[in-house]
Amino acid sequence: MNVSQAFKMAFKSILANKMRSLLTMLGIIIGVAAVIALVGVGQGATKNVTDQVQSLGTNLLTINITGRGSKTTVDYKEAEEITAQDDIQYAAPINSSNATVKNGTDSVSVSVVGSTTDYLDVKEYKLAAGRFVSQIDLDYYQKIAVLGSTTATDLYGTAEPVGQTFLINGVRYKVVGVLASKGSSLTGSNDEVVVIPITTSERLFKSKGVKTISVQVASSDKMTAVTTELETALSAKFRGNTNSYRVFNQQDLLDSFSSISDTLSLALGGVAAISLLVGGIGIMNIMLVSVTERTREIGIRKAIGAKKKDILTQFLIEAIALSGLGGLLGVGIGVGASQILSKAMGMTVVLSLPIMGLAFGFSVFIGVVFGLFPANKASSLRPIEALRFE
């Protein structure tokens, strides 16, 4: 008996018991579909975060100041001294807090950011109207503000906000500019914001100094050198206490999330793969039942000259056909489920051909592993005993 004949007989056997065959394949179908859909969701989440981090730029550094003793900040002049390097293009010390902003009866809670003139360039904002914070505003503690696009709409609707006044925690500020819409990032909406001079924010929030400095390096290949120089300057400022600061690279965030995402995808894939093992056990059980049902058939085939390897091949191919067909159906259902999740829930799902191939290949492997025992049992039957079986 050749392989093509064995496949024909296997499919005849499957079609002869359609419902039983479908139920047998169900574990494989669910397992393969789950692997494809879950890993697709995991990879989609990774792509979302990666795109957002890369959109911020790979040449950004963030300095977080945790402080020394009772002093947990540096003042903005010190921050400018620390970041006064040739390879640093822009540096913006930041003092921020959530606050309630109000215009008449309209009020909203937003992030109020105190910073300097470089904030616009570091964060890659564009102006939709008016101007940004200038050095004279910093020097004279001016109560001026630049509104994010969403904040401007919330407070003034379609009216022109530049030149108008509003309240931040009860203190009156004048609008001098409006930022162009930038959308959301990992830290939330970039448009629900109010930017004021950092000197003014210290009085408003009653907290001197800054805890965060955003730095844009002139080029990505200078990142390591700039990081080293910043750490040296900060170490001198805090007298060698390295626990008082941290220089954080955007690439570090990307690498950390990629590592977490890979682990999560592996865990999701592993959980789904358990269904494949359960499906394999189902195939073995049904094949054992099939061997018992066809004992006389096996006896007749052996009596007319079928060899042990012919019987082994026939039952093994039946198991592989069941698992392979279940794998194909699982791939189709997994792709369909991924598309439904993507459209119905607005999720980003990344379908991977290697993952599909791996899931299908594993389903066939399961058929081989769990089909060997029933196939071996069938091929080991003695013709006389098989023919006598009732």
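Owing to the predicted nature of the structure, the values given are computational and were not obtained by experimental measurement.
- Annotation: side chain of Ile213 is in contact with side chain of Val215 (closest heavy-atom distance under 4.5 Å).
- The backbone N or O of Asp106 sits nowhere less than 3.5 Å from a side-chain atom of Asn103 that would complete a donor-acceptor pair.
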Apply side chain to side chain donor-acceptor pair (under 3.5 Å) to Thr116 and Asp118, showing your working.
CA-CA 6 Å; Thr116 60; Asp118 278 0; 5.4 Å; no
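- By the 4.5 Å side-chain criterion applied to Ile, Leu, Val, Met, Phe, Trp and Tyr, Met19 is assigned to a cluster that also includes Leu23.
- Remark: side-chain polar atoms of Thr165 are not paired, donor with acceptor, to backbone N or O of Lys174 under 3.5 angstrom.
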Output, in order, the C-alpha distance, side-chain angles, deciding distance and verdict of side-chain contact (heavy atoms from CB on, under 4.5 Å) for Val178 and Leu127.
CA-CA 6 Å; Val178 178; Leu127 281 171; over 6 Å; no
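- Following chains of ILVMFWY side-chain contacts shorter than 4.5 Å, one cannot reach Leu358 starting from Val364, and the two form parts of different hydrophobic clusters.
- Between Asn249 and Met223, the closest side-chain pair of non-hydrogen atoms falls below 4.5 Å.
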In sequence, state the C-alpha distance, the side-chain angles, and the governing distance for Tyr90 and Tyr119, and then conclude on side-chain contact (heavy atoms from CB on, under 4.5 Å).
CA-CA 8 Å; Tyr90 303 109; Tyr119 184 82; over 6 Å; no
Please test Ile94 against Lys123 for side-chain contact (heavy atoms from CB on, under 4.5 Å), starting from the C-alpha separation and ending with a verdict.
CA-CA 11 Å; Ile94 297 169; Lys123 296 298 183 179; 4.2 Å; yes
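- The nearest pair of heavy atoms linking Val122 to Ala91 is CG2-N, 4.0 Å.
- Ser97 meets the side chain to side chain donor-acceptor pair (under 3.5 Å) test with no other residue; sequence neighbours excluded.
- Separating the CG atom in Asn98 from the CD atom in Glu192 is a distance of 10.5 Å, to the nearest 0.5 Å.
- Cluster membership for Val247 and Phe238, using ILVMFWY side-chain heavy atoms within less than 4.5 angstrom, is shared.
- Taking the side chain as every heavy atom from C-beta outward, Val176 and Val162 never approach each other to under 4.5 Å.
- A donor-acceptor contact shorter than 3.5 Å links the side chain of Glu78 to the backbone of Asp75.
- Contact annotation: the side chain of Val32 never approaches that of Met356 to less than 4.5 Å [non-hydrogen atoms, C-beta and beyond].
- Checked by atom type and distance alone, the side chain of Thr199 pairs as donor or acceptor with a backbone atom of Leu138 at under 3.5 Å.
- Residues satisfying the side chain to side chain donor-acceptor pair (under 3.5 Å) criterion with Asp86, sequence neighbours excluded, are absent altogether.
- Under the side chain to side chain contact (heavy atoms under 4.5 Å, CB included) rule, Leu179 has a single partner from Val193, Asp191, Thr151, Asn190, which is Val193.
- Atom CG of Asp121 sits about 8.5 Å away from atom CZ of Phe132, to the nearest 0.5 Å.
- In this structure, the side chains of Ser207 and Asn95 come closer than 4.5 Å at one or more pairs of heavy atoms.
- We find the CD1-CG distance between Ile320 and Leu322 to be 10.5 Å, quoted to the nearest 0.5 Å.
- Placement of Ile136 and Val195 in two distinct hydrophobic clusters is found when ILVMFWY residues are connected by side-chain heavy-atom separations under 4.5 Å, directly or transitively.
- By the rule that hydrophobic residues join a cluster once side-chain heavy atoms approach within less than 4.5 Å of another member, Leu167 and Val146 end up as members of separate clusters.
- Note: Leu26 CG to Ile30 CD1 = 4.0 Å, rounded to the nearest 0.5 Å.
- No donor-acceptor pair under 3.5 Å is formed between the side chain of Ser235 and the backbone N or O of Glu231.
- If you chain together hydrophobic residues whose side chains sit under 4.5 Å apart, Leu353 and Val331 fall into the same group.
- Taking the side chain as every heavy atom from C-beta outward, Gln85 and Val226 approach each other to under 4.5 Å.
- For the pair Thr66 (side chain) and Ser244 (backbone), a donor-acceptor distance under 3.5 Å is present.
- In this structure, Tyr173 shares a hydrophobic cluster with Val101, Val108, Val110, Val112, Leu147, Leu155, Tyr156, Phe166, Ile168, Val171, Val175, Val194, Ile196, Leu204, Phe205, the cluster being traced through Ile, Leu, Val, Met, Phe, Trp and Tyr side chains under 4.5 angstrom apart.
- Listed here is the closest heavy atom pair of Ala129 and Glu160: CB-OE2, 4.3 Å.
- Between Pro93 and Ala79 the shortest heavy-atom distance is CB-CB, 3.9 Å.
- Under the 4.5 Å side-chain criterion, counting only non-hydrogen atoms from C-beta, Ile340 is not in contact with Ser342.
- Checked by atom type and distance alone, the side chain of Asn64 never pairs as donor or acceptor with a backbone atom of Thr212 at under 3.5 Å.
- Annotation: the span from Lys126 atom NZ to Lys182 atom NZ amounts to 10.0 Å, rounded to 0.5 Å.
- In this structure, Ile29 CD1 and Leu329 CG are separated by 4.5 Å, a value rounded to the nearest 0.5 Å.
- Residue pairs meeting the side-chain hydrogen bond (donor to acceptor under 3.5 Å, both in side chains) criterion with at least one partner in residues 128-144, sequence neighbours excluded, are Arg131-Asp137, Ser134-Asp137, Gln135-Asp139.
- Listed by chain and number, the residues in a side chain to side chain donor-acceptor pair (under 3.5 Å) with Thr117 amount to none (sequence neighbours excluded).
- Glu202 places a side-chain N or O within 3.5 Å of a backbone atom of Gly209 that can act as its donor or acceptor partner.
- Residues Ala359 and Val35 share a closest heavy-atom pair of CB-CG1, 4.1 Å.
- In this structure, Ser363 contributes its side chain and Phe360 its backbone to a donor-acceptor pair below 3.5 Å.
- The closest side-chain heavy-atom distance from Arg246 to Ile65 is not below 4.5 Å.
- When all heavy atoms of Val349 and Ser338 are compared, the closest pair comes out as CG1-CB, 3.6 Å.
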